[in-house]
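Residues: numbered from 1 along the sequence shown.
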Amino acid sequence: AADMAKRIVSTLARTPDDRPVMAILELIGNDVCRSQPGISAMTTPQAFHDSQMETLRYLDAHLPSGSHVIVAGLIDGLFLYDTMHLRTHPIGALHQDVTYSDLYEYLICLGISPCWGYLNANETWRNATMERANLLNAELIKIVETEQFQNIDLLYTVFSIQDVVVVAEKLGKHAWDIVEPVDGFHPRQLGNAITCGLVWDTIKAHKPSWIPEVNPHNEDIIQKFGDQGGY
């Protein structure tokens, strides 16, 4: 995850002369999700702390003054197995003979599981993965509460899957509808859309001063480019 963060932030197309930005540093789970087995394959709290500080220092050096960064912690990955393992995977739709648990075990057997810990049939390993994620989140909280940066300020949050499920159910959907059906692991577009709304609610509740004024050129943009569906 540290290497991924370095690659992503290095693509940042901003300079200190630009207007302030609002960025989201969303870790999700890569630091505990590996195809390799065991806790030793996961990022340690110290390595995680050092990596996040390196990323934040990079952002502080490259983002305009007055920029904001939402630091999102690792999610509750226990939701995945609990929600999906007994459901039928599309591969087994015809004869109802392949569950997500079957898929997860097959990927683990091949050594290509997207998350050996959370998608493991062994509950002990799933819980151990969540415990490591909680330790890493504690490091994030420590950074947000104690570190100061010159050009950016921080807000820590965890995108609660349970909150996403509540919204989905109000829309007439089910918990499994927020999970990508092909891999049974990544969020589906519905889950992403609901999460965006919850993030915005978090900003309004905790950092309303971060919300900038409405772009005075919106009407000019519409006249020039037409209705782009909100983009």
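With a 4.5 Å cut-off on side-chain heavy atoms, Ser35 and Trp116 do not count as touching. Side-chain contact check for Gln52 versus Val71: every heavy-atom pair is 4.5 Å or farther apart. Between Tyr104 and Met84 the shortest side-chain heavy-atom distance falls below 4.5 Å. Here the side chains of Val69 and Leu155 are not in contact, with every heavy-atom distance at 4.5 Å or above. Within the 4.5 Å cutoff, the side chain of Asp97 has no heavy atoms near those of the Thr88 side chain. Using a 4.5 Å cut-off on side-chain heavy atoms (C-beta onward), Glu131 and Leu135 make no contact. For the pair Pro37/Trp125, no side-chain contact is recorded, criterion being any heavy-atom separation below 4.5 Å from C-beta on.
Looking only at distances, a side-chain donor or acceptor of Asp183 sits under 3.5 Å from a matching main-chain atom of His186. Judged by distance alone, with hydrogens and angles left aside, the side-chain atoms of Arg34 form no donor-acceptor pair with the main-chain N or O of Met42 at under 3.5 Å. No donor-acceptor pair closer than 3.5 Å links the side chain of Thr83 to the backbone N or O of Leu80. In terms of modelled atom types and a separation under 3.5 Å, the side chain of Arg132 and the main chain of Asn127 share no donor-acceptor contact. Here the side chain of Asn137 pairs a donor or acceptor atom with the backbone of Leu74 at under 3.5 angstrom.
Using a 4.5 Å cut-off between side-chain heavy atoms of Ile, Leu, Val, Met, Phe, Trp and Tyr, with links allowed through other members, Leu140 and Leu59 fall into the same hydrophobic cluster. Hydrophobic clustering of Ile, Leu, Val, Met, Phe, Trp and Tyr side chains at less than 4.5 Å, counting indirect connections, unites Leu27 with Ile141. Clustering ILVMFWY residues whenever any of their side-chain heavy atoms sit less than 4.5 angstrom apart, transitively, puts Leu110 in the very cluster that holds Phe185. Residues Ile24 and Val164 do not share a hydrophobic cluster, defined by chaining ILVMFWY side chains whose heavy atoms lie under 4.5 Å apart. Hydrophobic clustering, with ILVMFWY side chains joined whenever heavy atoms are under 4.5 angstrom apart, keeps Leu190 apart from Val166.
By the 6.0 Å contact criterion, CD on Gln96 is enclosed, its count of non-hydrogen atoms from other residues, nucleotides or ligands being greater than 12.
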Show me, pair by pair, the donor-acceptor contacts under 3.5 angstrom made by side chains of residues 142-152, not counting sequence neighbours?
{"residue": "Lys142", "atom": "NZ", "partner": "Glu139", "partner atom": "OE2", "Å": "3.4"}
{"residue": "Thr146", "atom": "OG1", "partner": "Lys142", "partner atom": "O", "Å": "2.5"}
{"residue": "Asn151", "atom": "ND2", "partner": "Asp60", "partner atom": "O", "Å": "2.8"}

Donor-acceptor pairs under 3.5 Å, side chain of residues 193-211 to any protein atom, not counting sequence neighbours: which ones?
{"residue": "Thr195", "atom": "OG1", "partner": "Gly191", "partner atom": "O", "Å": "2.7"}
{"residue": "Thr202", "atom": "OG1", "partner": "Leu198", "partner atom": "O", "Å": "3.0"}
{"residue": "Trp210", "atom": "NE1", "partner": "His68", "partner atom": "ND1", "Å": "3.2"}
{"residue": "Trp210", "atom": "NE1", "partner": "Asp153", "partner atom": "OD2", "Å": "3.4"}

Distance-only donor-acceptor hits, side chain of residues 172-182, under 3.5 Å, sequence neighbours excluded:
{"residue": "Asp177", "atom": "OD2", "partner": "His174", "partner atom": "N", "Å": "2.7"}
{"residue": "Glu180", "atom": "OE2", "partner": "Val182", "partner atom": "N", "Å": "3.1"}

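Looking at Ser101 and Tyr81, their side chains do bring a donor and an acceptor atom within 3.5 Å of each other. With hydrogens and angles left out, the side-chain atoms of Asp102 and Thr99 include a donor and acceptor closer than 3.5 Å.
Closest heavy-atom contact between Asp18 and Pro64: O-CB, 3.0 Å. For the pair Val214 and Asn218, the tightest heavy-atom approach, listed with the atom from each and the gap, is CG1-ND2, 3.4 Å. Scanning all heavy atoms of the two residues, the minimum distance from Val158 to Tyr156 falls at CG2-OH, 2.9 Å. Ile108 approaches Ser113 most closely through the heavy-atom pair CG1-CB, 3.7 Å. Counting all heavy atoms, side chain and backbone alike, Pro114 lies closest to Leu107 at CD-CD1, 4.0 Å. For the pair Pro20 and Ser65, the tightest heavy-atom approach, listed with the atom from each and the gap, is CG-O, 3.4 Å.
To the nearest 0.5 angstrom, Asn30 atom CG is 9.0 Å from Thr43 atom OG1. For the atom pair Ile8 CD1 and Thr11 OG1, the distance stands at 7.0 Å (nearest 0.5 Å). A distance of 5.0 Å separates CD1 of Ile221 from CG of Asn215, quoted to the nearest 0.5 Å. Taking CG from Leu94 and CD1 from Ile91, the interatomic distance works out to 12.5 Å, rounded to the nearest 0.5 Å. Separating the CG atom in Asp31 from the CD1 atom in Ile28 is a distance of 11.5 Å, to the nearest 0.5 Å. Rounding to the nearest 0.5 angstrom, the gap separating the SG atom in Cys33 from the OH atom in Tyr118 is 6.5 Å.
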Report task. List the steps, then state whether side-chain contact (heavy atoms from CB on, under 4.5 Å) holds for Val98 with Tyr106. Result -> CA-CA 11 Å; Val98 179; Tyr106 181 61; over 6 Å; no
Report task. For Glu105 and Leu119, run side-chain contact (heavy atoms from CB on, under 4.5 Å): C-alpha distance rounded to whole Å, both residues' side-chain angles, the deciding distance at 0.1 Å, then the answer. Result -> CA-CA 8 Å; Glu105 289 187 25; Leu119 303 184; over 6 Å; no
Requested in this report: Before giving the answer on side-chain contact (heavy atoms from CB on, under 4.5 Å), spell out for Phe159 and Glu26 the whole-Å C-alpha distance, their side-chain angles and the decisive distance to 0.1 Å.
Outcome: CA-CA 9 Å; Phe159 298 155; Glu26 183 178 4; 3.3 Å; yes
Requested in this report: Before giving the answer on side-chain contact (heavy atoms from CB on, under 4.5 Å), spell out for Ile70 and Thr157 the whole-Å C-alpha distance, their side-chain angles and the decisive distance to 0.1 Å.
Outcome: CA-CA 7 Å; Ile70 300 171; Thr157 187; 3.7 Å; yes
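If you look at His89 and Tyr100, their ring centroids are closer than 6.0 Å.
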